[in-house]
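Quantities reported herein were computed from a predicted structural model and do not represent experimental measurements. Residues take their numbers from the sequence shown, with the count starting at 1. Both counts, for ligands and for their atoms, begin at 1 and track the order of listing.
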Amino acid sequence: MSNAEVHYRACNLCEAICGIEITLRDPLPSNEKTQPHLDIRGDKDDVFSRGYICPKAVALQDLHYDKDRLRHPVRRTPHGWQRIGWDEAFDEVAQNLKRIHAVHGRNSIATYLGNPTVHNYGALLFAPGFIRSLHTRNRFSATSVDQLAHHLAGYLMFGHQLLLPVPDLDRTNFFLILGANPAVSNGSMMTAPGMSRRLQEIRRRGGKVILIDPRFTETARLADRHLFIKPGTDVLLLLALLHVVFDEGLTRLGPLAPFTKGVETIGSLVAEFAPDKVASITGIDSDQIRVLAREFASAQSAVCYGRIGVSTQEFGGVCQWLITVLNIVTGNLDRPGGAMFTLPAFDPITAPESLAPRGSFARWHSRVRGLPEFAGELPVVTLAEEILTEGAGQIKALVTSAGNPVLSTPNGRELDRALAGLEFMVSIDPYINETTRHAHIILPPSTSLERSHYDIAFHILAVRNTTKFSPALFQPDAEARHDWEIFVELQTRLEHEGQFGNLVGRAKRKFVKRFFGPERILDLGLRFGSYGAFGKWHGHPAREITRKMRVPHLTLRKLKAAPHGIDLGPLSSCLPGRLRTADKHIELAPEVLVQDVERVKAKFDNSSLSSNGHLLLIGRRQLRSNNSWMHNSERLLRGKPQCTILMHPTDAARRDLKAGQTVSVRSNVGSVVVPIEITDEMMPGVVSIPHGWGHDRLGVQLDVAQQHAGESINDVMDNQKIDALCGTAAFNGTWVVVDATS
Ligand SMILES: Nc1nc2c(c(=O)[nH]1)N[C@H]1C(S)=C(S)[C@@H](COP(=O)(O)OP(=O)(O)OC[C@H]3O[C@@H](n4cnc5c(=O)[nH]c(N)nc54)[C@H](O)[C@@H]3O)O[C@H]1N2
Ligand SMILES: Nc1nc2c(c(=O)[nH]1)N[C@H]1C(S)=C(S)[C@@H](COP(=O)(O)OP(=O)(O)OC[C@H]3O[C@@H](n4cnc5c(=O)[nH]c(N)nc54)[C@H](O)[C@@H]3O)O[C@H]1N2
Ligand code: SF4
Ligand SMILES: [Mo]
């Protein structure tokens, strides 16, 4: 890139996919050791984000220039990490995996894919092939500490794990949010750059924003109404809202009626959940619940949306299902201002099953705890015990890619111990962090500025159909490898053995890299997608839209000629055409979900509501932090310590705690020590600690992060506390004891 050049791309750090504009601010320094300064701003002409960015975008350069970032493969030795060549590293990994496979069987090798995988189209396209080549059932990912409940509902109700309705944010008149903080997270399973502005606009056009959250969050400040809820009880609120809708005859399916099954089942299911029955458990007054249900059902358009606060709790699966049911029975699915499906330019829904599987559920179960698979993966809450429990099928080797499960999964300390005992571990990751420090070999990929970028995942979840391609900003070093190249290398080395096999493997790698890299697949996907020359459109008015927008026959070349992206218009109605259920009906009442309500009843019938002096722990996200892995950027870490516990003044007074002092937070699995902030933004009885901290561990090589180490909330979270339906971690509402440290 020359100094005068301006580069446009999308920020790949979170789901908001903001357009950014990058220029070199200073002339290139003569001393090469000085970090060049990139001027990173919001791209005002980006068709979707219109100039919005958050502070993390500027830190993209800190990741690229980070002196702690690995630039070549390393091997762990008793004398520390040793630099090795790529060929040697690939060979060693392949040999170890083959050996362990031969001795202990296919399930002895496990894989874990972390969150940045979905922000990296090369990894997203090529990781599955590599994982398939291992033939293991022990596949894990961050999905089971995140959005698994959404996929389960999509799969059971609409026939495809990626048929996920998105709030039509820019047109809705009533936005009901449960357990999400989009003003900070910038939105999740709802891609919409500039979330605060979009929320304000709902109110400006006369609509309402209502938030249900145990904390008065940054989003609460933008809402018309905020209601505290006791963590983990949203399922009862949703059942009660539906109760009112049915009881008062407010259901209206509208155009969905001819192809929606199971309405009566829902009606009888919710009959026993009158608001009075759930009020004291949820902490929300029954009149408030009634008013909310009526307002929702009678709004010109309305959409209910729930995220991490409800996805990761004991009834997360049922919650995400009931949220969609509420949208459907009030006539708000598939209509403007409600919950709508996207029509992305690269469309997995219409892709062949072998490329984008519809999903599957409970085809097999985990060995130790019997947790069900979903879409070929097992819940990560069981990874540690699958490593630690002896017997046939025990995990002996692990491949992690773009993940830090020691900090991001519950009972991280147990996993930490388990990883230390593995026969072999390899990590594809740019850092030596809390997880990868256990690897025998680390394979570091190129940075996001060194590769092209296309958001395969987040265009599927966006509140508007747009499409954008970002070219690489920097040429990668000769030494660097992209994630996808690493996967191709490993896969072919595993698939082809022996002298002849090696030759075939090498030829195949060359062929794939030259003719079928990510860009070529993207181009094909665009051509066969709904806006391409060969696209299927499943009853969708996409053709009409493309004609009007004058983007006939999308190709990668056309996309490259539009550096600010191409707007493909607002979301449009597409049902029943886009359904993937066998009978093209919406399954409103899937049996496994209906059945799971029995578990809800059992829990709340028996549970004693007294807290015995315990507090309920929940998480929180922070604008200048991104899960566990951006804490090595000085500019994001400046200012007050971020890893603190928030507590209501009455809870603090009862324990004689003062602002700023350190406290110990204990659960049945472990404890952490953090400073306390006293604030009435917390619901009494509830405390909050952010996740992703806890960098002060032996061998971690993250200089800045270690100076701001914090502690890991997941040392306190229990990996036995799960949504028993699908095995997702139930982070929210963990009982803890908080005391002053002596
Ligand atoms: N700045 C920043 N942005 C991020 C991330 C980040 O780490 N930092 N992470 C990204 C990722 S991976 C994701 S998945 C998204 C998540 O996006 P969000 O879900 O919007 O993020 P959170 O801030 O975790 O919001 C969860 C909210 O649920 C509330 N909550 C906790 N327990 C309960 C409960 O039992 N019931 C209810 N109703 N509410 C509850 C919490 O108080 C919190 O406000 O954010 C993404 N964006
Ligand atoms: N208590 C609690 N725990 C939580 C959550 C919570 O709300 N509360 N949220 C959960 C959620 S929503 C999520 S998504 C998970 C995240 O869980 P993980 O995905 O396991 O953790 P991350 O912190 O995202 O770690 C990302 C890793 O990827 C590496 N990395 C970054 N970019 C790249 C790249 O381009 N290629 C490769 N190969 N590696 C890269 C980083 O160095 C880091 O090691 O955490 C979950 N854990
Ligand atoms: S909100 Fe921030 S981190 Fe997320 S895409 Fe936009 S600039 Fe990047
Ligand atoms: Mo996430």
Q | Heavy-atom gap Lys230 to ligand 1 smaller than 4.0 Å | A | no
**Q.** Distance-minimising heavy-atom pair for Val406 and Thr435
**A.** N-OG1, 3.0 Å
Q: To the nearest 0.5 angstrom, please state how far the CE atom of Met647 sits from the CG atom of Leu617.
A: 10.0 Å
Q: Quick one: look up the protein heavy atom nearest atom 30 (N) of ligand 2 and list residue, atom name and how far away it is.
A: Pro430 CD, 3.8 Å
Q | 4.0 Å heavy-atom contact, Gly692 with ligand 2 | A | no
Q | Numbering as shown, the atoms of ligand 1 that approach Gln622 to under 4.0 Å (heavy-atom distance) | A | 1 (N), 2 (C), 8 (N)
**Q.** Glu434 touching ligand 2 at heavy-atom level, < 4.0 angstrom
**A.** no
Q: Among all protein heavy atoms, pick the one closest to atom 33 (C) of ligand 1 and tell me residue, atom and distance.
A: Gly309 O, 3.5 Å
Q. What protein N/O/S atoms sit under 2.8 Å from atom 6 (Fe) of ligand 3, by chain and number?
A. Cys18 SG
**Q.** Shortest heavy-atom approach to atom 25 (O) of ligand 2 - which of Asn404, Thr447, Ile486
**A.** Asn404
Q: Check each of Leu617, Asn626, Asp483 against atom 36 (N) of ligand 2 and report the one with the nearest heavy atom.
A: Asp483
Q) For Thr728 and Thr312, does a side-chain donor sit closer than 3.5 Å to a side-chain acceptor? A) no
(Q) Parallel, tilted or perpendicular, judged at 30° and 60°: which one describes the rings of Trp484 and Phe126? (A) tilted
Q) Considering only protein heavy atoms, which is closest to atom 35 (O) of ligand 1, and at what distance to one decimal place? A) Gly232 N, 2.8 Å
Q) Side chains of Thr191 and His459: is there a donor and an acceptor less than 3.5 Å apart? A) no
Q. Taking atom types as modelled, is there a side-chain donor on Asn404 or Ser628 under 3.5 Å from an acceptor on the other?
A. yes
Q. Counting heavy atoms only, which part of Thr117 comes closer than 4.0 Å to ligand 2: side chain, backbone, both or neither?
A. neither
Q: Check each of Arg621, Gln147, Arg620 against atom 22 (P) of ligand 1 and report the one with the nearest heavy atom.
A: Arg621
(Q) For a quick test of reading the model, state the closest non-hydrogen atom pair linking His64 to Arg71 and the distance between them. (A) O-NH2, 3.2 Å
Q. Among Gly403, Ser448, Ser408, which residue places a heavy atom closest to atom 46 (C) of ligand 2?
A. Ser408
Q: May I ask you to check whether Asp718 and Asn668 show a side-chain donor-acceptor distance below 3.5 Å?
A: yes
Q. Considering all heavy atoms of both residues, which atom of Ile713 and which atom of Ile618 are nearest to each other, and what is their separation?
A. CD1-O, 3.9 Å
Q: Would you mind running through ligand 1 and noting each atom that sits below 4.0 Å from a heavy atom of Arg307?
A: 14 (S), 19 (O)
Q) Which residue holds the protein heavy atom closest to atom 2 (C) of ligand 1, what is that atom called, and what is the gap in Å? A) Ser625 O, 3.2 Å
Q | The one among Ala16, Ser185, Ala220, Gly179 that brings a heavy atom closest to atom 26 (C) of ligand 1 | A | Gly179
Q.
Which of the numbered atoms in ligand 1 are under 4.0 angstrom from any heavy atom belonging to Asp234?
A. 34 (C), 35 (O), 36 (N), 37 (C), 38 (N)
Q. Does any donor atom in the side chain of Asp416 or His438 lie under 3.5 Å from an acceptor atom in the other side chain?
A. yes
(Q) Taking only non-hydrogen atoms of Gly114, do any sit less than 4.0 angstrom from ligand 2? (A) yes
Q. So, Glu15 versus Asn186: side-chain donor-acceptor pair below 3.5 Å or not?
A. no
